[in-house]
Amino acid sequence: MNKLFESTQLKQLTLHNRVVMAPMTRARTTQPGNIPNQMMATYYQQRASAGLIISEATQISDDSQGYSFTPGGYTDEQVAGWKMVTQAAKKQGAAMFCQLWHVGRVSHPHFQQGKLPIAPSALAPVETQVWIADKHGNGSMVDCVKPRAMLQTDINRVIKDFATTAQRAIEAGFDGVEIHAGNGYLIDQFLRTNSNHRTDHYGGLRENRIRFLLEVVDAVINEIGANKVGVRLAPFITFKDMNCPDIVPTMIEASQQLQARDIAYLHLSEADWDDAPVIPESFRVELRQHFTNTIIVAGSYTQQRANEILEKGYADLIAFGRPFVSNPDLVSRLKHNQPLTALDSSTLFGGNERGYIDYPTLNSPSSTQ
């Protein structure tokens, strides 16, 4: 039996398989306002054979953005746009969570009304850039600047923004939210010693560095319930100047706290480049000992690797990213061992329908395979 295609439970949700569409920034919103649109609804509906879809990262406030054309989830217009998307995906039977983020220092004054981005500490990320485009989509990569360290008032506001936008996501028809605490963004910046030099109760000891994450999670749980909350972590990813020697034990400690809160799932973003570090099996064993609810893994998984991880019990769901971009019928192709369409990476970010909703399915008239 191929476990990848088994139906399974995610708290109160029944998923028709263990395939997850990973969150992927595509930068196709309507401007001004970073509003989800009909083209995005088509994109997600095409890929709704996944048991679970996790949306692209979604801003929780005006100051949480770091890249042009990424969607928000906090204005009435953004919520209305997301309603179109969730309705389209659910028509095909997929469950859908909204990934919520604040980018922290991975930003630029362009997105902050000329002000500095906020972060745990006033430390600029080395060799880290963001994409800034004009209204026509013409843009370039720009270096991040030195942020300002967050005051307690900033921390309180951001926590409230996560909770408020989580409630708005439920209003928009999402089944839950995923709190983005990985890949070098704001919550991850609190978790790591190299980006968090605070001397108050948010810095130093592990229990202090995970405090902000847990306060965000608690606020969101209070708003929508623990069974509708997932958290994404990235223990072995070090890009965006995030190489912290203490991050793995920090995340193990965080996972214990998240299990105690009985959240829906933990989502591990694993390095997916060619010479990426291999995740040690000892880490997977230890994580499973501390976190017994659903675990999702993402990181260049093949069907064979996916089933090996599932069989060993190290994960319950497998997320696929780039293959879902160029293969809207990915689940069917995997199930029947059919060839995959190659990705056109030049159309990943920004643009129009090309490289977004025009990839063929195997049974479509335009397919040449």
Side-chain angles (χ1 to χ4, degrees), residues 21-48 53-90 94 96-104 106-113 117 129-142 161-162 164-166 168-174 177-180 183 185-186 321-322 324-326 328 344-359:
M21 179 180 170
M24 291 174 288
T25 294
R26 302 302 310 277
R28 294 307 207 278
T29 56
T30 295
Q31 300 301 313
N34 298 318
I35 301 168
N37 51 42
Q38 184 57 55
M39 184 169 62
M40 290 171 60
T42 299
Y43 169 74
Y44 283 107
Q45 184 175 31
Q46 288 174 340
R47 290 153 181 82
I53 294 174
I54 304 172
S55 81
E56 60 211 271
T58 299
Q59 281 100 240
I60 59 167
S61 61
D62 284 337
D63 77 334
S64 62
Q65 184 173 3
Y67 307 88
S68 292
F69 300 168
T70 50
Y74 55 93
T75 70
D76 290 343
E77 294 79 11
Q78 291 162 353
V79 170
W82 276 124
K83 281 182 180 178
M84 285 194 304
V85 175
T86 59
Q87 288 169 3
K90 288 185 176 183
M96 193 166 184
F97 274 50
C98 182
Q99 188 187 70
L100 303 181
W101 71 347
H102 191 301
V103 299
V106 186
S107 189
H108 188 275
H110 173 83
F111 300 110
Q112 312 292 332
Q113 298 180 329
Q129 296 184 314
V130 293
W131 182 61
I132 299 177
D134 62 23
K135 63 181 180 179
H136 304 294
N138 301 312
S140 59
M141 300 301 292
V142 178
D161 288 339
F162 267 103
T164 301
T165 306
R168 301 233 64 184
I170 302 304
E171 179 186 337
F174 286 99
V177 302
E178 175 177 289
I179 296 167
H180 198 344
N183 295 20
Y185 299 115
L186 181 62
R322 293 183 187 90
F324 247 129
V325 170
S326 52
D344 177 3
S345 58
S346 69
T347 61
L348 273 176
F349 308 113
N352 51 28
E353 296 182 356
R354 188 173 75 84
Y356 190 59
I357 60 173
D358 62 346
Y359 280 107

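Being a predicted model, the structure only gives us computed values, none of them experimental.
- Ring-plane geometry between His180 and Trp101 is classed as parallel, the angle between the planes falling under 30 degrees on a 0 to 90 degree scale with a further cut at 60.
- When side chains are defined from C-beta on, Thr29 does not count as touching Gln78, because their heavy atoms never get closer than 4.5 Å.
- Note that CD1 of Ile53 is 7.0 Å distant from CZ of Phe324, once rounded to the nearest 0.5 Å.
- Surrounding CD of Glu171 are more than 12 heavy atoms belonging to other residues, nucleotides or ligands, all under 6.0 Å away.
- Taken to the nearest 0.5 Å, the OG atom of Ser64 stands 12.0 Å off from the OH atom of Tyr185.
- The OG atom of Ser326 sits 9.0 Å away from the CG atom of Leu348 when rounded to the nearest 0.5 Å.
- The structure places NZ of Lys90 at 9.5 Å from CE of Met96, a figure rounded to the nearest 0.5 Å.
- Distance check: Ile179 CD1 to Thr165 OG1 gives 11.0 Å after rounding to the nearest 0.5 Å.
- Residue Glu77 forms a side chain to side chain contact (heavy atoms under 4.5 Å, CB included) with just one option from Asn34, Ile35, Thr30, and that option is Ile35.
- Distance check: Ile132 CD1 to Phe111 CZ gives 5.0 Å after rounding to the nearest 0.5 Å.
- Smallest separation of non-hydrogen atoms from Phe162 and His102: CZ-N, 3.9 Å.
- Taking all atoms of both residues into account, the shortest heavy-atom contact from Thr58 to Glu56 is OG1-O, 3.0 Å.
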Which is it for Trp131 and Thr25 under the side-chain contact (heavy atoms from CB on, under 4.5 Å) test, yes or no, and what are the steps along the way?
CA-CA 12 Å; Trp131 182 61; Thr25 294; over 6 Å; no
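- When all heavy atoms of Met24 and Tyr43 are compared, the closest pair comes out as CE-OH, 3.9 Å.
- Between Tyr67 and Gln129, the shortest heavy-atom distance links the atoms CE2-O, 4.2 Å.
- Residues Arg28 and Asn352 approach most closely at NE-O, 3.0 Å, considering heavy atoms.
- Residue Asp161 comes nearest to Ser61 through the heavy atom pair OD2-CB, 3.5 Å, listed as atom of the first residue, atom of the second, then distance.
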Does the pair Tyr356 and Gln46 meet the rule for a side chain to side chain donor-acceptor pair (under 3.5 Å), with working shown?
CA-CA 10 Å; Tyr356 190 59; Gln46 288 174 340; over 6 Å; no
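- In this structure, the side chain of Glu178 does not engage the main chain of Cys98 through any donor-acceptor pair within 3.5 Å.
- The side-chain heavy atoms of Asp76 and Arg168, taken from C-beta on, include a pair separated by under 4.5 Å.
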